[in-house]
Every structure is written in C-alpha cells, then in structure tokens.
Amino acid sequence: MTTHRLPHVRDPEDCATMAEVRAGVDALDRHLVSLLARRQAYMEAAARIKEAPEDVRVPWRIEEVVTNVLREARKSGLSPRIAEPVWRELIERSIAHEAEAFAGRSAVETIKE
Ligand SMILES: O=C(O)C(=O)C[C@]1(C(=O)O)C=C[C@@H](O)C=C1
C-alpha cells in the first residue's frame, strides 16, 4: 500500500484533535487539486488531438479508467463506494470540459478560415 506522509501534519493514526485532522485534510486537498489540474490539462490535450466532437465521449475508455481506478483503490485501501462514484463524476466533468475546449478550438478554426 502506498502511504502519503505529509510534512508539518500528523499522520491520521496519530491525530488526537479535529484541528489536526482538518490540517491533514487541507494539506492533502492541496495535492489533490494540483493533481486534478494536471489531469484536466490532459483533457485539453485530448481536445486538441481528437478529430470530431463525437470523439470526446469514449464509452469503452470510461469503463477501462474506472476498472483501473478500482484496482488501485483496492491496493491502496480506498473504498470502492468512494472511488467509483467520484471517478464517474470526474470523467463526466472531464468530458464536459473537453467538449467545451473542443468547441472553442472549432470556433477559432472557423475564424481562421
Ligand atoms: O481517453 C479519452 O479519450 C479521454 O478523453 C479521457 C477521458 C477521461 O476522463 O479519462 C475523458 C473522456 C472520454 O470519454 C474517456 C476518458
């Protein structure tokens, strides 16, 4: 199991107060936000690379991503009841972001023509 020890905050098993718990959560959330921003950048790359708006949603890939995440969740001790709905929502939001980026790209291409 991968552990993510953070400097300046207590490990969960050593927390004795809610202030310590919340400091740990806030520190981890900063990491999660930065990782999710990086994931979003890959959606922007996908919008640049894909050829048509109907290529944005890829059902087989959605299932592959969820299967991969559930395998990792099992290894890391993350509940599948958290992992699966969070990733399905993340993918839906990613599809919306990618579709918007694709539409923006098409608008720019139309202006250039
Ligand atoms: O793999 C892709 O084609 C992506 O655009 C990425 C992604 C994802 O969020 O991982 C988003 C949209 C697709 O429906 C499938 C997966």
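Numbers here are sequence positions counted from 1. Note: hydrogens, waters and symmetry copies are ignored here, and every other heavy atom, side chains too, is used. Indexing begins at 1, ligand by ligand and atom by atom, following the structure's order.
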Report each N/O pair between ligand 1 and the protein that falls under 3.5 Å, naming both atoms.
from: ligand 1; atom 1: 3 (O); to: K50; atom 2: NZ; distance (Å): 2.8
from: ligand 1; atom 1: 5 (O); to: K50; atom 2: NZ; distance (Å): 2.9
from: ligand 1; atom 1: 5 (O); to: E98; atom 2: OE1; distance (Å): 2.7
from: ligand 1; atom 1: 5 (O); to: E98; atom 2: OE2; distance (Å): 3.3
from: ligand 1; atom 1: 9 (O); to: R39; atom 2: NH1; distance (Å): 3.0
from: ligand 1; atom 1: 9 (O); to: R39; atom 2: NH2; distance (Å): 3.4
from: ligand 1; atom 1: 10 (O); to: R39; atom 2: NH2; distance (Å): 2.9
from: ligand 1; atom 1: 14 (O); to: V56; atom 2: O; distance (Å): 3.3
from: ligand 1; atom 1: 14 (O); to: V58; atom 2: N; distance (Å): 2.8

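- Within the structure, every pair that satisfies the salt bridge (charged side-chain N to carboxylate O under 4.0 Å, His left out) test and touches residues 82-98, not counting sequence neighbours, is listed here: K50-E98, R57-E92, E63-R88, E84-R88, E89-R93.
- Residue pairs that meet the salt bridge (charged side-chain N to carboxylate O under 4.0 Å, His left out) test with at least one member in residues 15-36, sequence neighbours left out, are R10-E20.
- Remark: E44 engages Q40, H97 in a side-chain hydrogen bond (donor to acceptor under 3.5 Å, both in side chains) (not counting sequence neighbours).
- Using a distance-only test at 3.5 Å, with no hydrogens or angles considered, no donor-acceptor pair links the side chain of R5 to the main chain of D11.
- Distance alone, capped at 3.5 Å, is enough to place a donor-acceptor pair between the D55 side chain and the A52 backbone.
- The closest donor-acceptor contact from the side chain of S76 to the backbone of L78 lies at 3.5 Å or more, if one exists at all.
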